[in-house]
> 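One structure is given below, represented as structure tokens, and several questions about it will come after.
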Amino acid sequence: MLTKGNGGRVLATYYTRQDCRHHVIPKPWRPLVVGNPLHSSGCYLCCGAHQIAVSPNTVRFHANWVGGDITGMTLGIVGMGRIGYKIAQRAKAFEMKILYHNRHRRPEEEKSVGASYCERLDDLLQQSDYVMLVVNLSPETEKLMGKHEFQMMKPSAMLINISRGLVVDQEALVEALETGQIKAAALDVTYPEPLPRDHPLLKMSNVVLAPHMGTATRGALRLMMEEMVQSMMDAVNGLPVSNEVTGF
């Protein structure tokens, strides 16, 4: 949404910072309300991944129709920011063991949910039954999960990505799924979006895909719009703008 005020122009959007950079938007704004549906969708995908064996009908069941467990399993969260922490809170309710890898250790959050910090990503990957990616896309995190990282994971482990598609090397992911290096993947994001119709991920029985809809709830979209309009009005009236992102 673009408007004018105080001799300048104000651009208000609910794109993420990395999306705005991609679209050459100079001063994006990011509401905080996306957290609730997004970290909930991460948990849904985790549950969906554990029950990965699905039958197309109720007449005949595939021999491998039994799913796995959530309670007692180890969840490795890559990126313990605001959303990662909310996911950890929900994982605690499932009585999961929680590991996390982050640029900086977060002692208070760690204590609150009983999480253990892994300074090295490899240590988290080797121990986790579920690996959930919750990082921002940056030059440092692009293809963070590649061939080496999948080799570090358990053959019984599952990958959940609710961050950005480019955080994962998709060719390496396809290979890991085809060769049994990892058991399954649940993806809310891919690259590109949508995937080409002939992409291997669309044909795999051990993959759950969602069309990047982690924040697509009526409540979240309404709150995002309300906060976006409020931020725009504050900027027009010369007031401080909450959640403004600068530094491009």
Side-chain angles (χ1 to χ4, degrees), residues 13-32 34-35 38-39 41-42 45-46 74-88 91 98-110 113 115-128 130-154 157-177 181-182 185-193 195 201 212 214-215 243-248:
T13 177
Y14 56 85
Y15 284 126
T16 63
R17 178 178 180 135
Q18 56 262 36
D19 288 339
C20 292
R21 184 183 290 113
H22 176 72
H23 292 290
V24 200
I25 297 174
K27 279 194 175 184
W29 163 85
R30 175 64 163 166
L32 297 178
V34 301
L38 186 56
H39 51 62
S41 72
L45 286 173
C46 188
T74 299
L75 172 65
I77 300 173
V78 183
M80 183 70 102
R82 177 174 45 85
I83 293 173
Y85 174 58
K86 292 290 186 179
I87 288 169
I98 304 165
L99 306 177
Y100 77 98
H101 172 73
N102 203 54
R103 287 178 298 177
H104 308 291
R105 190 165 186 170
R106 304 191 62 181
E108 291 186 13
E109 290 83 353
E110 190 176 308
V113 296
S116 298
Y117 177 62
C118 294
E119 186 175 355
R120 297 174 63 250
L121 177 59
D122 282 4
D123 293 338
L124 178 145
L125 298 175
Q126 290 171 345
Q127 300 176 65
S128 298
Y130 299 88
V131 174
M132 191 176 300
L133 306 178
V134 204
V135 296
N136 288 324
L137 178 61
S138 68
E140 291 74 27
T141 61
E142 184 170 338
K143 294 190 176 180
L144 177 69
M145 292 295 296
K147 187 171 184 177
H148 168 78
E149 286 70 30
F150 291 123
Q151 290 174 341
M152 292 296 100
M153 292 175 64
K154 300 178 182 179
M158 306 179 197
L159 177 76
I160 300 104
N161 188 8
I162 60 170
S163 57
R164 282 295 182 270
L166 279 172
V167 172
V168 175
D169 182 337
Q170 284 185 172
E171 291 185 5
L173 173 60
V174 169
E175 181 181 352
L177 291 165
Q181 283 182 346
I182 66 171
L187 312 171
D188 184 45
V189 289
T190 58
Y191 187 82
E193 293 175 355
L195 288 172
L201 288 173
H212 201 159
T215 59
N243 305 323
E244 182 181 14
V245 179
T246 58
F248 285 89

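Just so it is clear, the structure is predicted and the values come from calculations on it, not from any experiment.
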> Of all residues at least two apart in sequence or in a different chain, which pass the side chain to side chain contact (heavy atoms under 4.5 Å, CB included) check with Ala157?
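Expected list: Met153, Lys154.
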> Just how far is it from atom CG of Leu187 to atom CG of Asn161, taken to the nearest 0.5 Å?
6.0 Å
> Please give me the minimum heavy-atom distance between Tyr117 and Asn102, naming the atom from each residue.
OH-O, 3.1 Å
> Which distance, rounded to the nearest 0.5 Å, do you find between the CG of Leu124 and the CD of Glu119?
13.0 Å
> Which value, rounded to the nearest 0.5 Å, describes the distance between Met158 atom CE and Met132 atom CE?
12.0 Å
> With sequence neighbours excluded, what pairs up with Arg120 under the salt bridge (charged side-chain N to carboxylate O under 4.0 Å, His left out) test?
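Applying salt bridge (charged side-chain N to carboxylate O under 4.0 Å, His left out) to Arg120 gives Asp122, Asp123.
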> Tell me every residue that passes side chain to side chain contact (heavy atoms under 4.5 Å, CB included) with Glu171, counting only those two or more places apart in sequence or in another chain.
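For Glu171, the residues satisfying side chain to side chain contact (heavy atoms under 4.5 Å, CB included) (neighbours in sequence not counted) are Asp169.
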> So Ile182 and Leu173, do their side chains get closer than 4.5 Å, heavy atoms only?
yes
> How about Arg105 and Tyr100: do any of their side-chain heavy atoms sit closer than 4.5 Å?
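Touching, per the 4.5 Å side-chain cut-off.
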> Side chain to side chain contact (heavy atoms under 4.5 Å, CB included) for Met145 and Leu125? Distances and angles first, verdict last.
CA-CA 10 Å; Met145 292 295 296; Leu125 298 175; 4.0 Å; yes
> Could you pull out all residues at least two apart from Thr141 that satisfy side chain to side chain donor-acceptor pair (under 3.5 Å)?
Ser138
> Within this structure, what is the CD-NZ distance for the pair Glu109 and Lys86, rounded to the nearest 0.5 Å?
10.5 Å
> Under a 4.5 Å cut-off applied to non-hydrogen side-chain atoms, are Val189 and Val168 in contact?
no
> Just so I know, are the side chains of Ile162 and Ile87 near enough to count as touching, which here means a heavy-atom distance under 4.5 Å?
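Yes, side chains in contact.
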> Give the minimum heavy-atom separation between Ser128 and Leu99, together with the two atoms involved.
OG-CD1, 4.0 Å
> Counting only N and O atoms by type, is there a donor-acceptor contact under 3.5 Å from the side chain of His101 to the main-chain atoms of Ile77?
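Judged by distance alone, no pair lies under 3.5 Å.
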> Quick one: list whatever passes ring pair (Phe, Tyr, Trp, His ring centres under 6.0 Å) with Tyr85, sequence neighbours left out.
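None.
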> Would you please name every residue forming a side chain to side chain contact (heavy atoms under 4.5 Å, CB included) with Leu166, sequence neighbours left out?
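Leu137, Glu142, Tyr191.
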> Within a strict 4.5 Å, meaning less than it, do heavy atoms of the Val131 and Glu149 side chains meet?
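Answer no - side chains too far apart.
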> For Met80, does its backbone N or O pair with a side-chain atom of Arg106 as donor and acceptor, under 3.5 Å?
yes
